Number of protein chains: 2
Amino acid sequence: MLIQIDFSSDEAIYQQLCNQIILGIATARYAEGEVLPSVRQLAEDIGINMHTVNKAYTVLKQEGYVKVDRRRGAFISVETDREAAIRQIGKELRILLAEARCRNLDREDLHAMVDLIYDEYEAAPGAQRTAGGEQAPE
Amino acid sequence: MLIQIDFSSDEAIYQQLCNQIILGIATARYAEGEVLPSVRQLAEDIGINMHTVNKAYTVLKQEGYVKVDRRRGAFISVETDREAAIRQIGKELRILLAEARCRNLDREDLHAMVDLIYDEYEAAPGAQRTAGGEQAPE
DNA sequence: CTATCTGTTATATCATCCATATAACAGATA
DNA sequence: TATCTGTTATATGGATGATATAACAGATAG
């Protein structure tokens, strides 16, 4: 699963977990339909409490990154409501760009940073997202 | 000062304060050298505790947005270390772009969002940032 | 049916953080 | 001296994060 937690970080453990799984989806390291480890298994693997993992899964479920099947457990299932995504990302982007503008970074600087990070994600091992991959269990 | 706090938000009050001041700087509503209200005054204005305002000012000071002069109080003074800014913004941008990519937003979508927000900031009342305006007190 | 796996829920405890309150201190200013 | 500034100290109530123990319902393999 390759999850690395920084216990000295001021960022909550469950939040770090969420971020790493989202990062894993973005770099296609986790594919649509792929089953996540059970809360107990993952908790044991990285040496944290079961409820901390459960909280991360619950948040990821609410935010539309995973779903739960009684039979298989939690699996990757990304909701792609374009308008909702733009609204949510835009909200977070607003404060980030305010910081950038205070530091005299112009829009070209930001475009370059976006491209750099997108290059990084697309170059990740096993990364060819074709906007498909639906095999939801029924 | 035009500060609006959402008391039902899950975002900390001092954090909302920081964000609004940073937003104010980005839209040139607050200029370099401009004096901020005293912690007691601003606390009374928006109906919160003095220490909450003090915490916001302390954070803004640490992050290089304001400085403090014994005689005048806190005033806007933005540190623009380009490399440090790129490093810090980039770190926050990484998780945000991961979310965007999961939702099938491509780099052109992000460029458009960046431009839209930058337009918004540049069109703000009294916004012509000429990267100058240094009148530090001595 | 039994044993074992899955997520989920209910408590409880401890530490940390947020916001509040009261109080005081040092420097600057009129 | 009186009044403003930021700053510090201490305390309290509430919320959150992480832990722990325990139990429950659904699914599955034996």
Side-chain angles (χ1 to χ4, degrees), chain A residues 1 3-21 30 33-77 95 136-138, chain B residues 1 3-21 30 33-77 95 136-138:
Chain A
M1 193 63 182
I3 296 285
Q4 205 63 30
I5 298 297
D6 177 10
F7 291 97
S8 65
S9 169
D10 59 335
E11 198 177 21
I13 295 176
Y14 83 91
Q15 192 62 61
Q16 291 185 49
L17 250 174
C18 287
N19 287 346
Q20 291 212 22
I21 290 172
Y30 308 138
E34 185 169 340
V35 178
L36 294 172
S38 76
V39 289
R40 290 173 178 82
Q41 183 61 55
L42 185 51
E44 191 183 4
D45 283 358
I46 57 188
I48 62 176
N49 192 273
M50 178 196 73
H51 294 93
T52 306
V53 177
N54 186 254
K55 178 157 187 178
Y57 281 12
T58 301
V59 170
L60 287 171
K61 195 170 58 178
Q62 285 176 334
E63 294 183 349
Y65 289 104
V66 313
K67 285 184 178 170
V68 172
D69 188 278
R70 265 292 175 198
R71 296 165 288 184
R72 305 190 303 157
F75 60 95
I76 306 287
S77 173
I95 171 63
E138 213 64 44
Chain B
M1 195 61 183
I3 296 285
Q4 204 62 31
I5 298 297
D6 177 9
F7 292 97
S8 65
S9 169
D10 59 335
E11 198 176 21
I13 295 176
Y14 84 91
Q15 191 62 59
Q16 291 184 50
L17 251 174
C18 287
N19 287 346
Q20 292 210 24
I21 291 173
Y30 308 138
E34 185 169 341
V35 177
L36 295 172
S38 76
V39 290
R40 290 173 178 83
Q41 184 61 55
L42 185 52
E44 190 184 5
D45 283 357
I46 57 188
I48 61 175
N49 191 272
M50 180 196 70
H51 294 94
T52 307
V53 178
N54 187 255
K55 177 158 188 176
Y57 281 13
T58 300
V59 170
L60 287 171
K61 196 170 57 177
Q62 285 176 334
E63 294 183 348
Y65 289 103
V66 313
K67 286 184 178 172
V68 173
D69 188 280
R70 265 287 174 200
R71 295 165 288 184
R72 304 190 304 159
F75 62 95
I76 306 287
S77 173
I95 172 63
E138 211 67 41

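Excluded from the calculations below are hydrogen atoms, water molecules and symmetry mates; all remaining heavy atoms, backbone and side chain alike, are included. Chain letters run A, B, ... following the sequence lines, proteins first, then strands; residues in each count from 1. All values reported here derive from a predicted model rather than from experimental measurement.
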How long is the span from the OG1 atom in B:Thr52 to the CD atom in B:Gln16, to the nearest 0.5 Å? 11.5 Å

For A:Ile13 and C:dT16, what is the distance between atoms CD1 and P respectively, to the nearest whole Å? 13 Å

Given D:dT7, is OP1 or OP2 found less than 4.0 Å from the side-chain N or O atoms of B:Lys61? yes

Can you find a heavy atom in the side chain of A:Tyr14 that is under 4.5 Å from one in the side chain of A:Ile48? no

Rounding to a whole Å, what distance do you find between A:Asp10:CG and D:dG17:P? 13 Å

Starting from P on C:dA19, measure out to CZ on B:Phe7 and report it in whole angstrom. 10 Å

Under a 3.5 Å limit for both distances, which nucleotide forms a Watson-Crick or G-U wobble pair with D:dG14, could you say? C:dC17

Between B:Thr52 and C:dT20, does any side-chain N or O lie under 4.0 Å from OP1 or OP2? yes

Between A:His51 and A:Gln15, name the one whose nearest nucleotide on DNA chain D is closer to the 5' end. A:Gln15

Does some side-chain heavy atom of B:Ile3 sit less than 4.5 Å from a side-chain heavy atom of B:Asp45? no

Here the distance between atom P of D:dG13 and atom CG of B:Asn49, to the nearest Å, is 16 Å

Which residue lies more 5' along DNA chain C, comparing A:Gln41 with B:Ala12 via nearest heavy atoms: A:Gln41

Atom CD of A:Glu11 to atom P of D:dT16: distance rounded to whole Å? 18 Å

Protein-nucleotide distance (B:Met50, atom CE; C:dA21, atom P), rounded to Å: 11 Å

What's the spacing between B:Ile5 CD1 and B:Gln20 CD if we round to 0.5 Å? 5.5 Å

Calculate the interatomic distance between B:Glu44 atom CD and C:dT20 atom C1'; express it in whole Å. 16 Å

Any strand, both distances under 3.5 Å, Watson-Crick or G-U wobble: C:dG27 pairs with D:dC4

Between B:Tyr14 and C:dA19, is there a side-chain N or O to OP1/OP2 distance below 4.0 Å? no

Starting the side chain at C-beta, find the nucleotide from D:dG6, C:dT8, C:dA23 nearest to B:Arg40. D:dG6

For the NZ atom of A:Lys67 and the NZ atom of A:Lys61, what is their distance to the nearest 0.5 Å? 12.0 Å

Determine: side-chain N/O of A:Lys55 to OP1/OP2 of D:dA18, distance under 4.0 Å, yes or no. no

Just how far, in rounded Å, is P of C:dA19 from CD1 of B:Ile48? 8 Å

Does C:dG7 have OP1 or OP2 sitting under 4.0 Å from an N or O in the side chain of A:Asn54? no

